[in-house]
Structure formats: structure tokens, C-alpha cells
Amino acid sequence: MVSVNAGAAWAKGLFPVVGSAGVTALRVGLAALIMLLAVRPWRALPARADARNLLVYGAMLGLMNLLIYAAFARIPIGIAVAIEVTGPLAVVILSSRRLRDFAWVACAALGLGLLLPITQGASALDPLGVACALGAAFCWAMYIVFGKRVSSLRGGDAVAWGMLAASLFAVPVGVAQAGTLLFTPAMLGGGLLVALLSSAVPYTLEMMALARLPRRVFGILVSAGPAIAALAGFLMLGERLTGLQWAAIFLVIFASAGAAATAGRGEAK
């Protein structure tokens with residue numbers, strides 16, 4: 001979580017040059033190259049059923065990156081991640097069949113209500129930025145579901161194949177926005193750092209975690225993301241949030257961690 005959010009803050013600094021889709025293309029494309037060279041997944045080709053799941057996993061990964069970076073370009077990073085983390089929260093809630101777990105939905109809804117400009121005292125947020133963060137939340141939920149299905153593949157094969165599928169989806173969009181600016185030495189160097197911090201390292205660690213941890217434990221750990229993102233935005237970009245926005249972020253964190261802690265206690269891995 002520290003790696004991915006530090007990378008996100010660094011990436012936002014590159015948006016004025018090549019746009020959010022351009023930075024996404026650099027992040028996903030370079031991360032795919034790194035993973036392919038490091039893992040060499042073609043040594044053990046996936047079965048047909050795994051290939052279908054990997055394709056969806058990769059598509060969700062690419063779209064999630066495009067959408068969350070589009071959100072970062074319009075609203076503070078901490079707020080965008082607080083909205084996005086409702087995706088993993090939904091996975092936890094939907095894996096539970098106990099009515100009391102849905103109290104966490106109300107807690108998260110209260111937090112989102114304080115964030116979104118629908119209550120008195122809420123700060124104005126770009127509607128398109130909010131919509132992109134919500135779309136990224138859905139993609140993150142699908143990423144977890146399909147990531148769990150392919151987490152049994154050898155080593156980092158799932159991440160490597162997933163990043164390749166994501167790059168085939170995201171890179172053309174970024175190239176269409178930024179053109180040849182993407183291929184200057186300065187942008188390639190900045191993009192390489194983003195790819196390492198925000199994709200290659202954290203996605204590999206997440207896949208290792210998904211293979212070893214129950215989803216609820218994974219959800220508890222992921223729930224810290226909005227606070228880490230807000231701190232990264234403050235320290236690296238000078239993004240200052242209001243007291244109400246911080247309260248809303250911590251409500252979402254509390255809901256995510258609480259839901260993950262109480263839902264599916266009998267789940268194995």
C-alpha cells in the first residue's frame with residue numbers, strides 16, 4: 001500500500017506533460033515488460049480456463065488504472081482512493097450472508113456522503129473525477145475476484161500475464177492521448193519509477209498475499225489505503241484535506257476493516 005500510493009503521487013506529477021492516460025500507459029506497459037522479463041511466464045502456459053480468467057483479470061487491471069488516474073487528475077488522491085476502496089469492501093460484504101455485516105455498508109455510505117458534494121459542508125468535487133473513482137472501485141472488486149481465481153498459478157505468472165493483458169488494453173489509449181511524448185528519455189525514466197512502485201512490486205506482493213491469506217484479512221490490510229494515499233498526496237503534492245474529508249476517509253477505512261474482520265470468518269484461503 002505504501003509503494004502503490006507513493007507511486008500514484010509521483011505519477012500525478014507527470015500528468016501535466018502526458019496526461020493521466022499517458023502515465024497509465026507508461027506504468028502498465030513498462031510494468032508488463034518488467035514482469036515478462038523477470039518471470040518468463042511462457043515457460044508454463046496457462047490452461048484454457050485460467051487464460052479466460054487471466055484475460056478478465058488483466059482487462060480489469062488496465063481499466064482500473066486508467067480510471068483511477070483519471071480520478072487523480074481531478075480530485076485529491078486520498079479522496080479518490082477512499083471512493084475506490086469501496087470495491088474491496090463490496091467483495092467482503094457480498095461474500096457474507098449475515099445481516100449484521102451490512103451495517104458496515106451504512107458506515108461506508110456515511111463516509112461517502114460526507115465526501116461527495118451532496119451534504120452541507122462538503123467540499124466541491126469534480127463529478128467526472130468522482131465517477132472515475134467509482135468505476136475504479138468496480139474494477140478493483142473484479143480484480144480481487146479474478147485475482148483469487150488465478151492466484152494458484154506458478155510464481156508471478158498470474159501478474160505477468162495479467163499485466164500483459166492490461167497493457168494491450170491501456171497502452172493504446174495512452175499513446176492516443178500523449179503520442180510520441182511518451183517515448184522521451186525523461187518520461188520513460190519517470191514512467192519506469194511509477195511502473196515499479198505502483199505496479200510491478202505491489203501487484204506481485206498482492207498476488208502472494210491473495211494466495212496465502214483469507215479475503216477478509218486481505219481486506220483489512222487494504223483498508224488502510226485511503227489514509228496512506230492522503231498522506232502521500234499531502235507529503236508529495238501538498239494536497240490538503242478538510243477535517244470533514246479526513247473524517248469521511250476514516251469512516252470508509254473503519255467500514256472496510258470492520259467488514260473484512262467480521263465477514264466470512266470460516267473462509268480458509
Side-chain angles (χ1 to χ4, degrees), residues 1-38 58 60-85 87-88 129 132-133 136-137 139-140 143-144 147 156 159-160 162-164 166-167 169-171 173-174 177-178 182 184-210 221-239 249:
M1 296 310 296
V2 171
S3 179
V4 74
N5 287 299
W10 177 264
K12 187 167 181 175
L14 303 178
F15 288 177
V17 183
V18 293
S20 62
V23 178
T24 303
L26 286 171
R27 168 185 172 176
V28 175
L30 291 173
L33 286 175
I34 292 169
M35 292 303 302
L36 288 172
L37 292 174
M60 290 297 102
L61 188 56
L63 185 56
M64 178 178 69
N65 281 301
L66 284 168
L67 287 171
I68 198 59
Y69 273 21
F72 289 166
R74 295 168 173 84
I75 59 179
I77 288 177
I79 293 176
V81 175
I83 296 172
E84 185 191 28
V85 82
C132 288
C139 292
W140 197 354
Y143 161 78
I144 292 175
V159 178
M163 290 302 303
L164 176 60
S167 68
F169 181 82
V171 170
V173 178
Q177 182 182 77
L182 286 179
T184 61
M187 289 309 305
L188 288 173
L192 179 61
L193 183 59
V194 173
L196 288 170
L197 287 175
S198 290
S199 291
V201 171
Y203 289 154
T204 300
L205 294 176
E206 283 185 359
M207 189 58 62
M208 293 168 65
L210 282 167
L221 299 175
V222 166
S223 68
I228 298 173
L231 287 173
F234 172 71
L235 294 173
M236 299 177 67
L237 300 170
E239 293 181 345
I249 286 174

Donor-acceptor contact below 3.5 Å, side chain Glu239 vs main chain Ala230
no

Restricting to non-hydrogen atoms, name the atom on Ala170 and the atom on Ala25 that form the minimum distance, rounded to 0.1 Å.
O-CB, 4.2 Å

Nearest 0.5 angstrom please: Leu36 CG to Leu164 CG, how far?
5.5 Å

Who are the side-chain hydrogen bond (donor to acceptor under 3.5 Å, both in side chains) partners of Gln177, not counting sequence neighbours?
none

Leu66 and Phe169, any side-chain heavy atoms less than 4.5 Å apart
yes

Where is the tightest heavy-atom contact between Ala195 and Leu26, given as atom of each residue plus distance?
CB-O, 4.3 Å

Minimum heavy-atom distance Val85-Pro226, with the two atoms named:
CG1-CG, 3.8 Å

CD1/Ile68 to CD1/Ile83 distance, rounded to the nearest 0.5 angstrom?
8.0 Å

Nearest 0.5 Å, what's the CG-CD1 distance between Leu237 and Ile77?
5.0 Å

So, taking the atom named CE in Met64 and the one named OG1 in Thr24, what distance separates them when rounded to the nearest 0.5 Å?
10.5 Å

Using the ring centroid of each side chain, check whether Phe72 and Phe15 are separated by less than 6.0 Å.
no

Taking side-chain contact (heavy atoms from CB on, under 4.5 Å) as the definition, give me every residue that meets it alongside Ala38, ordered by chain and number, with sequence neighbours left out.
none

Go through it in stages, so that I can follow the logic: the residues are Val194 and Tyr69, the test is side chain to side chain contact (heavy atoms under 4.5 Å, CB included), and I'd like the CA-CA distance, side-chain angles, deciding distance and then a yes or no.
CA-CA 12 Å; Val194 173; Tyr69 273 21; 3.5 Å; yes

Can you see which heavy atom on Ile75 is nearest to which on Lys12, and at what distance?
O-NZ, 3.5 Å

Of the non-hydrogen atoms in Gly191 and Leu14, which two are nearest, and what is the gap between them?
N-CD1, 4.4 Å

Show, in sequence, the C-alpha distance, side-chain angles and deciding distance for Leu188 and Leu192, and conclude whether the side chain to side chain contact (heavy atoms under 4.5 Å, CB included) test is met.
CA-CA 6 Å; Leu188 288 173; Leu192 179 61; over 6 Å; no

Value rounded to 0.5 Å, distance of CG in Leu67 from CE in Met60
9.5 Å

Identify the heavy atoms of Leu182 and Gly22 that sit nearest to each other, and give their distance.
CD2-O, 3.2 Å

For Arg27 and Ser198, indicate whether the former's side chain and the latter's backbone hold a donor-acceptor pair under 3.5 Å.
yes

I need the Leu63 CG to Cys139 SG distance, nearest 0.5 Å.
3.5 Å

Heavy-atom donor-acceptor pair, Ser3 side chain to Leu197 backbone, under 3.5 Å:
yes

